[in-house]
Amino acid sequence: MGEARDYIARTLDDSLRRRGFENLGVYIEVDRPTEEGHGDLTSNVALKVARFTKMAPKILAGELASRWPQDDIVDSVEAKGAGFLNFTLKTRWLAEVVNQVRADPAGYGASDAGQGARVLIEFVSANPVGPMVIVNGRAAAVGDSMARIMNKAGFLAHREFYVNDGGNQVLKLGQAIWLRLLEMTGIDVTTNWPEDVYPGAYVKDVAAAWRRDHPEVPLDQLGEHSWELLGDYGARVFQKQHEKVLRQFGVEFDRWFHEKELRQAHAPEAIVERLDRLGYIATEDGARWFLSERFGDDKNRVMVKSDGTMTYFVPDAAYHADKFDRGYQYVIDLLGPDHHGYVGRMRAVVQALGYPPDRLEILIIGLVRLLRGTELVRMSKRKGSFVLLEDLIEEAGVDQARYFFLERAPETPMDFDLDLAQLRDSKNPVYYIQYAGARIHGILRQWRESEQQAAPLNLDVLTSPLERVLMILLSRFPDVIARSAMDRAPQYLPRYLTELAGAFHGFYREHRILDEEAPLRQARLALIEAVLAVLATGLGLLGISLPQRM
RNA sequence: GCGCCCGUAGCUCAGCGGAUAGAGCGUCUGACUACGAAUCAGAAGGCCAGAGGUUCAAGUCCUCUCGGGCGCACCA
């Protein structure tokens with residue numbers, strides 16, 4: 001399809017030049033039409049260039065159509081409407097896509113849209129002070145699939161999880177573990193529980209685990225001086241947990257980047273010094289401020305508090321500098337909805353440090369509201385009440401959960417209906433796609449078990465409209481992936497796969513395969529094998545399985 | 001108050017400045033003695049929140065208004 005588009009665009013350009021219209025190439029667009037009956041590809045170039053050619057779009061389109069050269073790709077050209085050119089491609093040419101897919105079933109869909117650009121996608125980055133919740137699952141699904149899609153489209157994308165194990169949060173976690181340890185000795189800690197320490201009951205398990213690992217330590221020797229130690233222990237426990245749950249969810253990170261390492265290397269201090277040398281640091285009220293307003297931020301930001309400690313922002317700035325220093329051309333952050341107050345300052349610091357600010361792409365993952373039926377489930381990390389990602393995986397399954405997260409635009413707020421996600425019936429759209437694959441597997445299985453002889457493959461016999469629709473969809477696959485990668489929009493893929501599955505189901509109802517004469521049978525088998533390959537690749541990019549039987 | 005996201009069919013949402021705005025669910029009608037009915041064919045359902053503007057062309061871009069969500073710490 002891409003090939004046909006390029007060819008048509010070139011030919012249009014030639015025709016315009018022959019008429020004496022030079023340099024109109026940028027106005028040539030060849031797109032897939034939004035409506036049926038407008039051909040396989042369409043161009044609005046006659047409308048676009050009207051003000052340069054001083055020709056009525058209708059007339060120019062008519063002339064371009066009537067003088068279209070003979071070729072193997074375009075079957076017919078029609079001038080329609082206000083000046084549109086509608087191209088119908090030769091069915092035989094389209095059928096070549098079947099050979100293309102069969103030549104490399106797993107590789108089909110790849111493109112060089114990304115031109116090998118190195119990309120770092122940071123996502124989830126949940127603090128290691130508690131279990132992962134459903135919102136983390138959305139970021140995990142989006143980030144992971146985005147990386148898979150971008151890699152398929154010729155980018156070199158890496159996945160990274162930033163572990164906030166260096167700050168105050170970990171101390172607070174240590175304090176909570178300490179309190180839970182005291183509790184185990186019979187002391188009442190709940191009555192005077194400190195307000196800013198997580199009361200979540202899950203900390204009890206961590207405390208118990210620590211006790212098992214360190215039975216020799218007398219509990220009365222623990223105190224405030226132990227918080228860091230206990231916190232580090234807890235952070236490691238939770239990171240392990242995160243890794244495990246994410247792996248279950250089909251998400252692997254290329255690197256877990258520890259804030260602690262940055263601190264040990266004094267990278268945060270270096271960042272403040274760097275900004276200071278550049279003249280972007282001012283001292284006021286005993287604190288050192290980054291003058292981020294100069295770079296479009298709402299207000300200046302404290303980097304070093306008056307007590308000498310650094311704000312969370314500083315190591316994070318150092319982390320981002322590190323990303324660019326490692327040679328990534330695109331740095332993509334997927335942040336939670338509660339972080340969009342953070343975007344301005346991060347952009348500002350990147351710019352201040354001399355990195356290209358437009359290469360920092362911050363995508364805010366929309367809020368996930370949980371419903372059970374119509375009832376809103378309230379979540380609060382501080383109160384310790386929330387639905388865990390592992391519970392969701394258990395209840396809904398990986399395939400369903402990932403599909404729900406990936407079918408809509410990442411930045412839009414969504415309602416996640418736990419009841420609906422648990423439905424294991426046809427209402428769940430992921431089955432629709434998987435069922436198409438299972439049907440094809442069934443037919444291929446039956447074919448292998450039959451006594452039928454294979455015939456030489458001749459794609460000329462694929463002439464029915466329903467076959468044609470499948471071929472067009474197959475040929476669009478690389479474009480869909482490329483566009484999904486360029487727009488950072490994984491949601492294009494579920495929609496495409498639903499369309500492909502639907503086209504297959506329609507074809508399947510209408511046409512027989514194994515009952516046909518050998519040439520047609522062979523060609524249709526090849527066609528559905530190609531459909532299967534694309535379904536498998538597409539679902540694979542989404543991290544969704546394609547079972548052979550359902 | 002300021003900033004970000006969102007207002008499209010009864011519901012959940014697509015829609016890369018182009019032609020008659022789409023899909024799934026729900027509703028209604030129909031289709032299996034045939035490779036898997038978790039399927040298919042069809043119908044009904046819309047002042048794209050509202051008002052201005054830019055454009056040959058606006059659901060799409062710009063401005064304002066209204067409605068919903070979220071964020072605006074010497075917290076992380």
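Chain naming here is simple, since letters A, B, ... match the order of the sequence lines and numbering starts at 1 in each.
Stacking annotation: A:Phe84 is not stacked on the base of B:rG18 (requires ring centroids less than 5.5 angstrom apart and an interplanar angle below 30 degrees).
With B:rG18, B:rU39, B:rA14 as the choices, the nucleotide that has an atom nearest any side-chain atom of A:Lys48 turns out to be B:rG18. Minimum atom distance to the side chain of A:Ala438 is reached by B:rG36, of the listed B:rA34, B:rG36, B:rG17. Among the nucleotides B:rC6, B:rA38, B:rU39, the one closest to any side-chain atom of A:Thr412 is B:rC6. Closest contact between the side chain of A:Tyr432 and the listed nucleotides B:rC16, B:rA19, B:rC40 involves B:rC40. Among the nucleotides B:rA19, B:rU39, B:rG69, the one closest to the side chain of A:Tyr435 is B:rU39.
The base-pairing partner of B:rC2, taking Watson-Crick or G-U wobble contacts with both distances under 3.5 Å, is B:rG71. In a base pair of the Watson-Crick type (N1 to N3 plus N6-O4 or O6-N4) or a G-U wobble (N1-O2 and O6-N3), with each distance short of 3.5 Å, B:rA23 is matched with B:rU12. In this structure, B:rA51 forms a base pair with B:rU63, meeting either the Watson-Crick or the G-U wobble geometry with both donor-acceptor distances under 3.5 Å. The nucleotide B:rC28 finds its pairing partner in B:rG42, both defining distances of the Watson-Crick or G-U wobble pair being shorter than 3.5 Å. Pair assignment for B:rA58 gives none, since no Watson-Crick or G-U wobble pairing has each distance under 3.5 Å.
Rounded to whole Å, the distance from CG on A:Leu493 to P on B:rG15 is 14 Å. Between A:Asp31 atom CG and B:rC16 atom P the separation is 11 Å, expressed in whole Å. Distance CG (A:Leu41) to P (B:rC16): 18 Å, rounded to an integer number of Å. The interatomic distance linking A:Phe405 (CZ) with B:rC13 (P) rounds to 13 Å, in whole Å. Between A:Glu29 atom CD and B:rG17 atom C1' the separation is 9 Å, expressed in whole Å. Atom-to-atom, CE of A:Met550 to P of B:rA37 comes out at 13 Å; the value is rounded to the nearest Å. Atom pair A:Ile443:CD1 and B:rA34:C1' shows a separation of 12 Å (rounding to whole Å applied). As a whole-Å value, the separation of A:Met346 CE from B:rG3 C1' is 17 Å.
When only modelled atom types and interatomic distance are considered, A:Asn300 and A:Glu284 share no side-chain donor-acceptor pair under 3.5 Å. Between the side chains of A:Thr42 and A:Asn86, at least one donor-acceptor pair of N or O atoms lies under 3.5 Å. Checking A:Asp40 against A:Thr88 by side-chain atom types alone, no donor-acceptor pair falls below 3.5 Å.
Taking atom P in both B:rU60 and B:rU8, the straight-line distance is 14 Å, to the nearest Å. Separation of the C1' atoms belonging to B:rC4 and B:rA41 is 45 Å when rounded to the nearest angstrom. When the P atom is compared between B:rA44 and B:rA23, the two are found 12 Å apart, to the nearest whole Å. Atom C1' of B:rA21 sits at a distance of 12 Å from the matching atom of B:rA58, rounded to the whole Å.
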| B/S/- contact track for nucleotides 71-76 of chain B, protein heavy atom under 4.0 Å | SSSBSB
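Contact between the side-chain N/O atoms of A:Arg521 and the OP1/OP2 oxygens of B:rC35 is not found at any separation under 4.0 Å. Using a 4.0 Å cut-off, some side-chain N or O of A:Gln446 falls inside it from OP1 or OP2 of B:rG36. Taking only side-chain nitrogens and oxygens, A:Arg408 comes nearer than 4.0 Å to OP1 or OP2 of B:rC13. Dashed line: the shortest gap from a side-chain N or O of A:Thr34 to OP1 or OP2 of B:rA21 is not under 4.0 Å.
Annotation: cation-pi geometry not satisfied between A:Arg301 and A:Phe313 (NZ/CZ under 6.0 angstrom from ring centroid, within 45° of ring axis). Geometric assessment of A:Arg495 against the ring of A:Tyr432 yields a negative cation-pi assignment under the 6.0 Å and 45° thresholds.
Taking the six-membered ring where the residue is Trp, A:Phe238 and A:Tyr202 present perpendicular rings, their angle passing 60° and hence far from 30°. A:His339 and A:Tyr342 have perpendicular rings, their planes meeting at more than 60° on a 0 to 90° scale where under 30° would count as parallel. Between A:Tyr280 and A:Phe290, the angle of the ring planes goes over 60°, which puts this pair in the perpendicular group of the 30/60° scheme.
Here A:Ile364 lies out of heavy-atom contact (under 4.0 Å) with every strand. Across all strands shown, A:Arg51 has no heavy atoms under 4.0 Å from either base or sugar-phosphate atoms. Here A:His441 lies out of heavy-atom contact (under 4.0 Å) with every strand. Residue A:Ala436 is out of contact with every strand shown, counting any heavy-atom pair closer than 4.0 Å. Using a 4.0 Å heavy-atom distance criterion, A:Asn86 is classed as a base contact.
Salt bridge absent: A:Glu517 and A:Arg521 never bring a charged side-chain N and a carboxylate O closer than 4.0 Å.
Residues A:Arg495 and A:Arg483 each lie close to RNA chain B; by heavy-atom proximity, the contact nearer the 5' end of the strand is made by A:Arg495. Map A:Tyr492 and A:Glu510 each onto its nearest nucleotide of RNA chain B; the residue landing nearer the 5' end is A:Tyr492.
Ring-centre distance between A:Tyr496 and A:Phe477: below the 6.0 Å cut-off.
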